[in-house]
Structures are given as structure tokens and as C-alpha cells.
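Written below as C-alpha cells is the structure these notes are about.
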Amino acid sequence: MTPLFDPRLPADALLPLLVLASSLLPGLVVFFLGEARVRTRTMLNLSGAFLKLGLVAWMIWGVYHGQRYELRMPLLDDLDLVLRVGALSLLFLVLSAGLWLVTTVYAVGYLEQSPHRSRFFGFFSLCVTATVGVAMAGNLLTFLLFFEMLTLTTYPLVVHRGTEAARRAGVVYLTHTVLAGALLLAGTVWLYTLTGTLAFAPRGFVSEVASEHPAALTAIFALLIGGVGVKAALVPLHGWLPQAMVAPAPVSALLHAVAVVKAGAFGVVLIVYDVFGIEQAAALGVTGPLALVAAVTIVYGSLRALFQDDLKRRLAFSTVSQVSYIVLGVAIVGPLASVGGIVHLVHQGIMKITLFFCAGNLAETLGIHKVSEMNGVGRRMPWTMGAFTLAALGMIGVPPIAGFISKWYLSLGALEAGVHWPLYVLIASSLLNAAYFLPILHAAWMREPSGPWAEAAARASAQAGDGGGRPRPETRWLLLLPPLVTAALSVLIGLFASMPVSPLEWSLLIVEREFHYP
């Protein structure tokens, strides 16, 4: 029987378990709290979020110096549940833990007067537990278990409002993700019958059987990518994502920036690099089709975003496009492209969560849900729209915001690999990004206020006499602080991209250690 802990590192082996427990235990307790226990619920959620972030920060030093934190627990006769923290998993952990904290703060403010808060925050914590489990998975079986846990814990969040639209969105979401789980399970079982192992390795673990079973491995690759590709919103598996935008803004932020979509993209990285190995994947001829699917998704998502008046749906189709930058970087066979794709895990998450926070502020404060209702809103909510503007410019790729760094390395990686067509895809995507973001910014900052919210503001001013009196607050500070923090991060990680342990430098470290090939 496999020992529960590695005897060489008995204390360090507990750290991955503590990272899981820091959200799992508070989440389980929160389920049993009454709705009136606001302070207790908030304290439990914030304490767990701060503890998780502290534990992850503690491991940065060790991983930077080559240490791996690993916990093994017997699960089947010859398969263990493995939690392992290396350079790649730590990058995803930092993103998940950091954005969970700011999303928790935002959700506390957003749901201040909402019903069923204990249920929401309970599943919210379990969702993050599943996400960090995906990040720390040391083999494909562990990844599969936490990946499916993520489906089960996010479904109640998608249908949280209980409306007919929410229930329909939940059915669509569950249909897609259950199908994804079936594909992933089939690929995992088939792969195990061929290789006898599911343990992730830096250059993959299929090379020994590749010459005997190339057709089978190609089919397995398609099954696995199909399984994770649903959550990564690859076309044509993306249909659930725009539908899920009926969920509350904190859930939308969680789906797009921290949990489901990012878990799918992270899964693509693991399958290409730690299951097949980039060289073996290229030899099987599967990286070219994967790059083509990513390119189609990038352009398609941008085109669909262009014609959406609903703000959250426009942002959702933007996510469909932007997340496939990660897949494209992985599928281009070259170190620099890998860096661009991996670092975009973090960059896109921080920028996109900012946009969804701002969309939530507009909806919660002024009742704005559509792009056509945003005329002049920058005058009423300048801080919110300032944060939105920075994140939108980053998505377009304007330097020095983080999105520019991702696109720069993806472009360099395409040239390094000797393929030029990804450059045209990136240029087209950036132009389309500008086409669907710049009109929003122009309307918000340059046009005269109009619409129901502007009329209500005018009536309030008239009732106040000559417009004197105390100025109205932009929105509640719990709603305003998170997007300001993440917008500032979008700029800072772009400005200081070459600093030690920045997302870019950490991505370079990952590629150098685990994914570089001769």
C-alpha cells in the first residue's frame, strides 16, 4: 500500500492538504449558518481566503528553489490520489487564491441583501476547493475527480437566482459539462489500459507506447481535449458559457477568471505537456488541429462579441476568444509561444475579473445591463469605468497593460516556430477586440448621459434644489475596491513584467524547467 505521506518531507506534504482544507472546511460550516449570521459567514470566508493565500505564498520560495510539495493518498489498488505543487500548479494556485480573496470581498458586498447567502457562499467555497484541487493534481485520475467536483459545485451557483432563465442556463451548463466528464473519463480509462500509469510527467508518459498505438493515442488525445475543451469554451463546445451569464456577477467573475474556464484551459496545458509531451504530441500530428481549433475560437468569439448588446454576454464571448490564446500558445510548438500561453492564464484572469466586477457594479448600482444604456456612465461612476477602461485596453493589447505581454510572447513564439499565420489571427483578434470595446468606452466617457438611470439622476438633482448637498457615492465600497485592485494589478504586472516572480518570469521558469525541449 502507498504510504499516506512522503517520509522525506512529512511536514511539507501537509501543505497541499491545508490549501484544500482552507476553503473546504469554512464552506462546509457556512452551509449550516442562518441567514442572519452575516458577520460569522463573512469572517469564515475571508479567513479561509487569507489563509489559502498565505499558504500558497509560503510555497513560492520552496518551489522557486526546486522543491515540490507532494501528498499521496491511496485510492485504488495501484492508483493514488496525488496532490503536488510544482511551478506550473503554483502559478494557477496563486491566481485562484488571489482572485478568490477579491471575489469574496466583492460577493459579500454584492449579495448584501440577497436570500440564500449561506447556500451561495458554501458552494462558492467548495467551487474554489475543486479549482485548487485541479491545480494541484499530480495525476490524471486526481485531475478527473476534482474536475468533476468543479462541475457539481458550480451548477448551484449558476442557478442561484432560481429564475426560469437561470434554470434553463443550468440545464445547458450541466448537459455540456456532464458530456465533458464522460469524454474525459473515457480518455482516461483508455489511456490507462495502454500505458499502465496516469502520473503527470514534464515530457509526458505516452512515448513508450506511441510507436505501437499512434491511432489510439490520437483518439485518446481528442477525447481528453474534448473533455477539458468544454470548460475551456472551445468552439463548438462553448454554448454553455454565454447562457451562464444569468448568474450573479460574482459567479460570472468566478466562472471566467478563476474556476471553470481556467480549469479547462489549464487542463489543455496538462494534457499537451504532462500527459503526451509537446514533442510526442507534435509527432502524432495533433498540435496542428488543436492550433486551428484555437484560432477559429479566437476569431469566432470576437465576432460574436461584436454584435452583443447585453454587456455580460459581450464579455462572455470575449472570454471564449481570449481563453483560446492559452490553447494557441500551447499548440504552437515553441518555448516562447508556451510562455505567452501560460502567462495569459494569469493576465486574462485578472483583466476579465475586473470587467465582470465593473459590469456587476453597473447592474447593481444603476440597473445597467446593456451596452446601449451606458451613454455618459463614466461621469456617474468614474472609478468603475476607469477600472473597466484599463482592463478593456489590456484585452485589446495596449502596452504596458498585461494583455500586451501575452500577445507579444505569442507573436514571438509564432515567429520562433516558423509559422506566421498565428500572427494574422492575433492581429485580427486585436482589431476585433478594439471594435467591441472602444465603442463602450466612447459611449461611457464621451456621450451625454441618457436612459432610465440618467433620468432618475436628473430627478434626484431637481428634488435637491440647485444641485447642492452631499454628493452621491459611486457605489458601495465593497463593490468598488475589488475592481480597483485588479485593474491596478493589470497595469503593474505589465509594467514590472521582468521583476522576479512576476507572472511572466514565473512562466519563463515553468517553460525552462518543465516544457523546454531541444
Side-chain angles (χ1 to χ4, degrees), residues 1-9 13 16-17 68-89 130 133-150 179-229 263-264 266-287 289-290 330-331 333 510 513-518:
M1 180 178 288
T2 305
L4 182 60
F5 302 114
D6 185 340
R8 296 168 296 175
L9 298 170
L17 188 61
R68 283 197 178 193
Y69 300 86
E70 184 174 302
L71 173 69
R72 289 180 174 270
M73 292 177 284
L75 189 62
L76 301 174
D77 288 341
D78 51 354
L79 285 173
D80 295 337
L81 182 73
V82 182
L83 299 176
R84 179 186 302 152
V85 180
L88 176 61
S89 55
V134 166
M136 295 188 294
N139 61 27
L140 195 54
L141 177 63
T142 306
F143 177 86
L144 173 64
L145 293 176
F146 282 108
F147 202 71
E148 291 310 293
M149 178 182 172
L150 187 58
L179 173 62
L183 294 175
L184 189 60
L185 176 61
T188 299
V189 172
W190 192 358
L191 184 63
Y192 182 69
T193 62
L194 289 183
T195 63
T197 183
L198 295 174
F200 293 144
R203 294 173 185 267
F205 58 84
V206 304
S207 57
E208 293 184 3
V209 299
S211 59
E212 301 174 24
H213 306 284
L217 288 176
T218 300
I220 290 169
F221 184 88
L223 287 172
L224 296 178
I225 292 296
V228 298
F266 184 73
V268 173
V269 176
L270 290 178
I271 290 165
V272 173
Y273 286 113
D274 284 356
V275 174
F276 281 78
I278 186 63
E279 291 178 287
Q280 190 59 63
L284 287 171
V286 294
T287 53
L290 181 60
V330 167
V333 185
I510 291 168
R513 283 186 181 176
E514 300 190 44
F515 303 142
H516 185 66
Y517 55 93

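These values consider heavy atoms only, across backbone and side chains, with no hydrogens, waters or symmetry-generated copies.
The minimum heavy-atom distance between G138 and R84, with the atom names listed, is O-NH1, 3.5 Å. The two residues S89 and M136 come nearest to each other via the heavy atoms CB-CA, 4.4 Å. When all heavy atoms of A180 and G227 are compared, the pair lying nearest together is CB-O, 3.1 Å. Across all non-hydrogen atoms, the minimal contact from L194 to A216 is CD1-CB, 3.9 Å.
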Quiz prompt | Worked check of side-chain contact (heavy atoms from CB on, under 4.5 Å) between V286 and I225 | solution = CA-CA 10 Å; V286 294; I225 292 296; over 6 Å; no
Quiz item: Hey, mind stepping through L191 and L217 against side-chain contact (heavy atoms from CB on, under 4.5 Å) and telling me if it holds?
Solution: CA-CA 8 Å; L191 184 63; L217 288 176; 4.0 Å; yes
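Listed by first then second residue, pairs satisfying ring-ring contact (aromatic ring centres under 6.0 Å, His included) with a partner in residues 198-228 read F221-F276, not counting sequence neighbours. The list of side chain to side chain donor-acceptor pair (under 3.5 Å) pairs with a residue in residues 183-196, not counting sequence neighbours, reads D78-Y192.
Taking 4.5 Å as the limit, some side-chain heavy atom of L145 sits within range of a side-chain heavy atom of L75. Contact of the L223 side chain with the L184 side chain is not registered, since no non-hydrogen atoms from C-beta on lie closer than 4.5 Å. A heavy-atom distance below 4.5 Å is found between the side chains of I220 and L224. Y273 has its side chain out of reach of L88: every pair of non-hydrogen atoms, C-beta onward, lies at least 4.5 Å apart.
Residues that satisfy the side chain to side chain contact (heavy atoms under 4.5 Å, CB included) test with T142, not counting sequence neighbours, are L81, V82, L83, A137, N139, F146. Applying the side chain to side chain contact (heavy atoms under 4.5 Å, CB included) rule to A282 yields the partners T287, V333; only residues at least two apart in sequence or on another chain are considered. Residues passing the side chain to side chain contact (heavy atoms under 4.5 Å, CB included) test with S207 are Q280, sequence neighbours excluded. Here P202 pairs with R68, E514 under the side chain to side chain contact (heavy atoms under 4.5 Å, CB included) rule; sequence neighbours left out.
The CZ atom of F143 sits 7.5 Å away from atom CZ of F266, with the distance rounded to the nearest 0.5 Å. A distance of 11.0 Å separates CG in L198 from CG in D80, rounded to the nearest 0.5 Å.
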